[in-house]
Structures are given as structure tokens and as C-alpha cells.
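Starting from 1, each residue takes its place in the sequence as its number.
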Amino acid sequence: MKKLLVVLVATVFALALKAQSSAPFVGADLILYNAKINAQSLSQPEASALAVKRGRIYAVGTDAEILGLKDSNTKLIDAGGRRLIPGINDAHTHVLNERSYNYVLRWDGVPTLKRALEMLSEQATRTPEGQWVKVIGGWSPYQFKEKRFPTIQEIRKAVPNRPVIVQYAYNRAFLNELAMKALGVGTDRFPSVPGTEFEKDKKGNYTGVVQANTFLFVSLEYMVPQADSGEQLNSLIYVINDLNRFGITSAVDAASLDAYPQGHAPLGLLARENRLNIRIPFIDLQFGDVSSPSLVDAEINAILKKAPISPGENMHPTMAHGHEYQGTGEVLRLELHDHENFDRPAVIINKDTMRYYIEKDITKLVKRRIPFRMHISYNENITPFLDALENINRKTPLDGLRWSIEHAETITPENIARVKKLGGGISLDIKMALHGEGFIKTYGLEKALQTPRLRALVDSGIPLAMTTDAFRASTYNPWIGISWMVTGKSVSGTEILAKDNRLTREEALRLFTYGPTWFEQHENEMGKIVPGNLADFALLSSDYFTIHEDEIKNINSVLTIVDGRVVFGTGKYSSLATQLPEVIPSWSPVKYLGGYYKGN
């Protein structure tokens with residue numbers, strides 16, 4: 001009996017070996033090798049190759065180890081010794097607000113005002129009757145060699161026969177006579193928004209220069225010609241491609257002016273056609289619901305009744321976290337918005353008003369386990385916000401619900417500790433890199449050098465991310481912000497961060513890669529090049545860790561991979577990416593001048 005058992009075991013083992021040897025080997029879908037991989041993993045911080053299967057990384061190691069996982073169907077990509085990083089994750093931007101992206105001339109990255117005005121003049125000759133010439137955010141006067149704003153006379157000369165608006169962040173705008181007439185400046189048709197100041201000449205006539213805050217500029221955008229549905233879809237394709245260009249593989253849409261669900265229809269179409277080349281988790285804000293007593297009530301009604309969806313639910317049919325609901329914000333109530341216009345003194349909200357509405361509104365969210373984000377720039381407003389949140393937590397415990405303060409430029413160490421104790425996070429932004437000189441004029445250099453408190457925030461261990469807050473308040477190029485965090489210099493080259501308030505290159509990059517994953521509850525799937533994580537990564541134009549620090553701002557991606565697919569490539573990698581459709585409309589500034597400035 002014993003001999004029979006041995007024979008049976010040996011026979012089964014032999015048959016198993018034969019079956020294994022005859023089974024076809026199924027290799028990786030994609031292997032990238034000959035790279036300098038910054039994995040952001042303590043267990044394997046450096047490697048030279050990785051393998052991808054079904055949209056996830058399944059092996060990381062040496063070239064020899066990983067190339068052994070290929071079969072006849074594996075796509076091989078030689079990185080040419082370039083630096084590879086986890087995909088950039090912009091945890092606060094406004095992609096869906098750019099549905100008219102193809103209508104806008106972008107000054108992001110333009111080195112001189114002379115060239116910016118030439119671009120304006122060139123676009124004026126292409127813009128047809130009935131359309132506007134528009135520059136809407138993303139630029140700074142301090143990026144120009146001339147270190148100044150354009151004058152209204154220069155703008156009028158550049159665009160003599162079309163309405164033109166040149167908007168600087170959410171701070172000021174320049175309008176020519178045709179634009180002022182179309183908008184009804186000086187009449188009841190022009191939006192009556194508190195804080196709006198129109199410049200007048202010595203004769204009392206409007207010059208066309210207007211200083212205001214966010215809500216005026218949002219209103220003006222709806223008073224100019226809008227893209228049709230086909231142009232909107234085309235615009236979003238080009239917006240996403242421009243993000244991919246900088247290695248961005250995930251972008252949290254931090255509330256669109258056109259709310260869920262109708263406002264998300266273009267993303268749904270791209271997702272169904274497998275053309276959504278970025279992960280877009282989203283925060284929702286129901287601006288359009290005037291029937292609800294508050295924005296929070298409108299949100300609860302939208303996700304429970306109008307178009308039911310649960311926090312964390314993904315609407316993308318195939319891509320993990322591709323189009324995922326992540327709660328509400330960043331504006332929870334219009335009365336509590338403090339704008340962050342650095343050219344003006346801080347907008348300080350009445351403390352009792354802040355406490356009353358926050359306790360009233362957020363209690364409803366906590367009870368329904370809806371994550372929330374709150375735009376607060378100034379510490380004077382953060383304090384009463386946290387007072388209210390602490391009171392809520394005593395009555396209705398937050399109990400691990402994810403929430404964050406967005407921007408938090410002047411937060412103090414005391415309030416950082418309070419946020420951490422309440423289990424929240426802080427999502428910063430790069431606006432000081434573009435607008436820091438304005439901050440200095442308003443508040444002084446000493447305060448600017450510690451704004452925000454990068455070193456204290458990183459050392460605190462609080463959940464922390466850096467974001468762009470593009471496309472109007474700031475540029476969508478994250479490398480401008482990474483450069484500022486490392487060098488302490490703004491786009492003008494001015495030192496605006498103290499040496500003891502700067503970050504190492506590893507720390508700065510982490511705030512744009514792994515740091516954001518906490519806010520999205522994706523810590524175990526994104527932000528690192530490790531087996532099991534989603535296959536999102538970028539191959540850089542220069543080695544971030546070795547180039548001179550003054551060159552960091554010029555980095556972009558030569559190859560961007562999302563979900564294991566090539567979504568962007570340039571140079572020898574350009575043939576790997578899917579070809580983009582023709583830009584529409586035919587007169588689009590994007591067609592002739594691109595998005596972010598590429599030079600002549």
C-alpha cells in the first residue's frame with residue numbers, strides 16, 4: 001500500500017510538471033527598462049525596470065529580472081536612462097471649468113510681455129466676428145522679463161476690433177471698449193458683486209481695468225460666447241493632454257461650475273470610449289440648484305435623490321478611480337469664501353457667522369458620511385472654522401471621515417495641530433510661486449518668507465498635498481510649484497521662501513505624488529512604483545534629482561503612462577500615444593499657439 005501511494009504521488013507530480021511545461025507563458029503587457037526609477041518606496045527606493053499587467057504594476061527590479069517577464073505580446077519601452085517617477089497627482093484643480101479651453105489664449109510660461117502682446121495681436125486676426133479674444137488666468141506679471149502688467153493701451157492696440165478680456169487670476173481684468181459695451185459696464189446689466197472696483201480716468205470715464213474677487217469673474221465668464229458641445233469635448237481632450245504633458249496622471253476636479261451629473265456628461269462619454277487619459281476623482285458643488293436653502297442641502301439632494309451616488313463610487317466602466325465621487329466643497333457657503341486675492345488685504349469672515357454656518361452645514365455632511373473640503377486661505381478664518389468643527393466632533397464624531405482645508409496659506413502651528421487632532425488634512429497650492437510679489441506688497445517680505453509654513457507642515461506629519469488650483473487662479477504646470485518649494489524662488493527669480501522653510505527634492509515631489517493619495521483614500525494603490533499599485537508614471541525630460549535647481553521649473557514629461565496605457569509621448573515616444581483629434585474651432589488659439597508656452 002505504501003509503495004502504491006508513492007507511485008501515485010510521483011505520477012501526479014510528473015503529470016503536473018508536464019502540464020506546466022507545456023502551458024504557454026503569459027508575460028507582461030508592458031515593460032519599461034533602462035530607467036532611473038524613483039519608486040518612493042522604502043523597501044525598494046531605486047530600480048531600473050518595471051512590468052505592467054492589466055493596468056497595474058506587478059514587478060519592479062533590474063533590467064535582467066524584469067525583461068525575463070516578457071513574451072511575444074509584451075510592449076517594450078527603452079527609457080534611455082531617463083528618470084521615472086510616480087505619476088503627478090494634482091489633488092485640487094478645475095478641469096471641468098475648462099470646457100471652453102480652446103477659446104482661450106494662454107499666457108502660462110510666456111517669458112516676456114512683448115511676446116504675450118504679440119500672441120494677443122496674432123489671435124485677434126484669427127478670431128471671427130461675434131467671438132472674443134480671451135486670456136483667462138494661469139499667468140503672472142512677475143513671470144515676464146518686464147516684470148509688469150500690460151497697460152490697457154497696449155491691450156487695445158493689440159486687439160482693436162474684437163472684444164477682449166485679459167484676466168489675472170481672480171484679481172483683476174483688462175477690458176477694451178467693445179468688451180465693456182458687451183458686458184454693460186456702467187449699466188444695470190453688469191453684475192453687481194461686492195468688492196468690485198472699476199478704474200476711472202481723470203474725466204471720470206472707465207478705463208477698462210477692473211479689480212474684483214472670484215464671484216465677479218465667474219459671472220463674467222457666463223456673459224461671453226460659450227463653446228458648443230463638440231467644442232467642449234474637444235477642449236477637454238486638449239486640457240487633459242496638456243496635463244499629461246507635465247506627467248500628471250490624476251487630477252481631482254475640485255468642483256465645477258456645471259455640477260454633477262449633467263456637467264460631467266463629457267467625461268462620461270470619454271470614459272465609455274476609453275479616451276479619458278487621466279483619472280478624475282471629483283468634488284461636487286451644486287451651484288445651479290436655487291431651490292435648496294444652501295449649497296450643502298443642494299448637494300445632499302443631488303447625490304441622494306437627483307442622481308444617487310455614494311462617496312468613493314467610480315463611474316468609469318474600466319479604469320480604477322477613473323471618475324469617482326469624493327464628496328463636496330470647496331465652497332460650502334458663499335458667505336464664508338475668503339477668496340485669497342493677495343493684491344488686497346485678507347477677507348476676514350465674521351467669526352460668529354463662520355461658526356454658525358459651519359456647525360449647521362457640516363453636521364449634515366458628517367451624519368451622512370460625505371467627505372468635504374473647505375476653501376480657507378487665512379488663519380483668521382481657519383480659527384473659527386476649527387472652533388465649529390471641534391464642537392461638531394463632540395456632538396457628532398467625525399470618526400475618521402476624510403476632510404481638508406484647501407489653500408491654508410497663513411495657517412499657524414497651533415491650528416496645524418488642531419487639524420491633525422481632528423483627523424483632517426491640508427491641501428496647499430502653488431500660487432505663491434506666481435503671485436508672491438503681490439503678497440509681499442500687501443503683507444511684507446517677512447511674512448511671505450513663511451507663507452505657507454512648508455517646513456512646519458511637513459514635519460508635523462499631517463496629511464498634506466501640494467496642488468496647482470489651476471487653471472485660472474494659477475498655472476497647471478506643477479513643476480513651477482516644485483521649483484518654488486525647493487529653490488524658494490518665485491517665477492520672477494525673487495526669493496520668497498526662507499531657507500529654513502524650503503523642502504528637499506524628495507519632499508517636494510512627494511507632495512505631488514504620494515501626499516495627495518490620503519485625500520482620495522488611495523494610499524495603497526497610488527503614488528509609489530511598487531507591485532500592486534496602479535500603473536501611472538512619467539518619464540522626465542531631465543533628471544529631477546541631479547539637474548541644477550534653477551532648471552527644475554523647465555521639466556516636463558517625455559512619456560506619460562496612465563492605467564498602463566501610453567497617453568502622452570514626445571520625441572522618440574511620440575508614435576506610442578494615440579493621435580489627438582483636430583483642434584476645433586478652426587480659429588482656436590490652442591491650434592496655433594498651443595496651451596502652455598513652448599517657445600518659438
Checklist entry - More than 12 non-hydrogen atoms from neighbouring residues, nucleotides or ligands closer than 6.0 Å to NZ on K147, yes or no? => result yes
Checklist entry - Between Q143 and S492, is a side chain to side chain donor-acceptor pair (under 3.5 Å) present by the stated rule, with each step listed? => result CA-CA 5 Å; Q143 77 193 37; S492 73; over 6 Å; no
Next on the checklist: For residues 552-562, which residue pairs pass the salt bridge (charged side-chain N to carboxylate O under 4.0 Å, His left out) check, not counting sequence neighbours?
Outcome noted: none
Next on the checklist: With heavy-atom distances below 4.5 Å as the criterion, would you say the side chains of I278 and I248 are in contact?
Outcome noted: yes
Item to check | Whether over 12 other heavy atoms sit under 6.0 Å from F545 CZ | outcome: yes
Checklist entry - Does the cation-pi check pass for K360 over Y357, that is, NZ or CZ under 6.0 Å from the six-membered ring centre and within 45° of its axis? => result no
Next on the checklist: Tell me whether K431 forms a cation-pi arrangement with F342, defined as NZ or CZ under 6.0 Å from the six-membered ring centre and within 45 degrees of its axis.
Outcome noted: no
Checklist entry - Does atom NZ of K351 have more than 12 heavy-atom neighbours, drawn from other residues, nucleotides or ligands, at distances under 6.0 Å? => result no
Next on the checklist: The test is ring-ring contact (aromatic ring centres under 6.0 Å, His included); show your working for H92 and H407 and say whether it passes.
Outcome noted: CA-CA 9 Å; H92 183 127; H407 312 312; 4.9 Å; yes
Checklist outcome for this item: In terms of heavy-atom contacts, L295 and V331 come closest through CD1-O, 3.8 Å
Item to check | Close side-chain approach of M526 to R279, heavy-atom, < 4.5 Å | outcome: yes
Next on the checklist: If the threshold is 4.0 Å, N to carboxylate O, is there a salt bridge linking D500 and R455?
Outcome noted: no
Checklist entry - What pairs with K499 under side-chain contact (heavy atoms from CB on, under 4.5 Å), at least two apart in sequence or on another chain? => result R502
Checklist entry - Can you find a pair of side-chain heavy atoms, one from P589 and one from V104, that are under 4.5 Å apart? => result no
Item to check | Short N-O contact, R394 and E359, less than 4.0 angstrom | outcome: no
Next on the checklist: side chain to side chain contact (heavy atoms under 4.5 Å, CB included) for T560 and R245? Distances and angles first, verdict last.
Outcome noted: CA-CA 7 Å; T560 304; R245 173 188 169 190; over 6 Å; no
Next on the checklist: Distance check, rounded to the nearest 0.5 Å: L454 atom CG versus L428 atom CG?
Outcome noted: 6.5 Å
Next on the checklist: Quick check on the 6.0 Å ring-centre criterion: do Y142 and H435 meet it?
Outcome noted: no
Item to check | Side-chain donor or acceptor of D469 paired with backbone N/O of S474 under 3.5 Å | outcome: no
Checklist entry - Can you name the nearest heavy-atom pair linking D550 to T487, along with the distance? => result OD1-CG2, 4.4 Å
Item to check | Any side-chain heavy-atom pair of F512 and I430 under 4.5 Å | outcome: yes
Checklist entry - Say you draw a straight line from CZ of F246 to OG of S541; how long is it, rounded to the nearest 0.5 Å? => result 9.5 Å
Checklist outcome for this item: On a heavy-atom basis, the closest approach of I416 and I462 is O-CD1, 3.7 Å
Checklist entry - Are L503 and V486 close enough that some pair of their side-chain heavy atoms sits under 4.5 Å apart? => result no
Checklist entry - Under 6.0 Å between ring centres, would you say that holds for F174 and Y168? => result no
Item to check | Side-chain heavy-atom pair I411, P452 within 4.5 angstrom cut-off | outcome: no
Checklist entry - How about V562 and N277: do any of their side-chain heavy atoms sit closer than 4.5 Å? => result no
Item to check | W403 versus L386, closest heavy-atom pair with distance | outcome: CH2-CD2, 4.0 Å
Item to check | Donor-acceptor contact below 3.5 Å, side chain T112 vs main chain R115 | outcome: yes
Checklist entry - Does D253 reach the main-chain N or O of V95 with its side chain, forming a donor-acceptor pair under 3.5 Å? => result yes
Next on the checklist: Assess, by modelled atom type and distance only, whether the side chains of N415 and N379 contain a donor and an acceptor separated by less than 3.5 Å.
Outcome noted: yes
Checklist entry - Checking E551 side chain against H548 main chain: does a donor-acceptor pair fall under 3.5 Å? => result no
Item to check | Minimal non-hydrogen separation, T328 against I283, with atom names | outcome: C-CG2, 3.2 Å
Checklist entry - Is the centre of the F471 ring less than 6.0 Å from the centre of the H94 ring? => result no
Item to check | Pair K528 + D536: basic N to acidic O under 4.0 Å | outcome: no
Checklist entry - Is it true that atom CD of E446 has more than 12 heavy atoms of other residues, nucleotides or ligands lying nearer than 6.0 Å? => result no
Item to check | Donor-acceptor under 3.5 Å (T513 side chain, L509 main chain) | outcome: yes
Checklist entry - So do the side chains of D338 and H375 get within less than 4.5 Å of each other, counting heavy atoms only? => result yes
Checklist entry - Judged by atom type as modelled, is there a donor-acceptor pair below 3.5 Å linking the side chain of K420 to the main-chain atoms of S460? => result yes
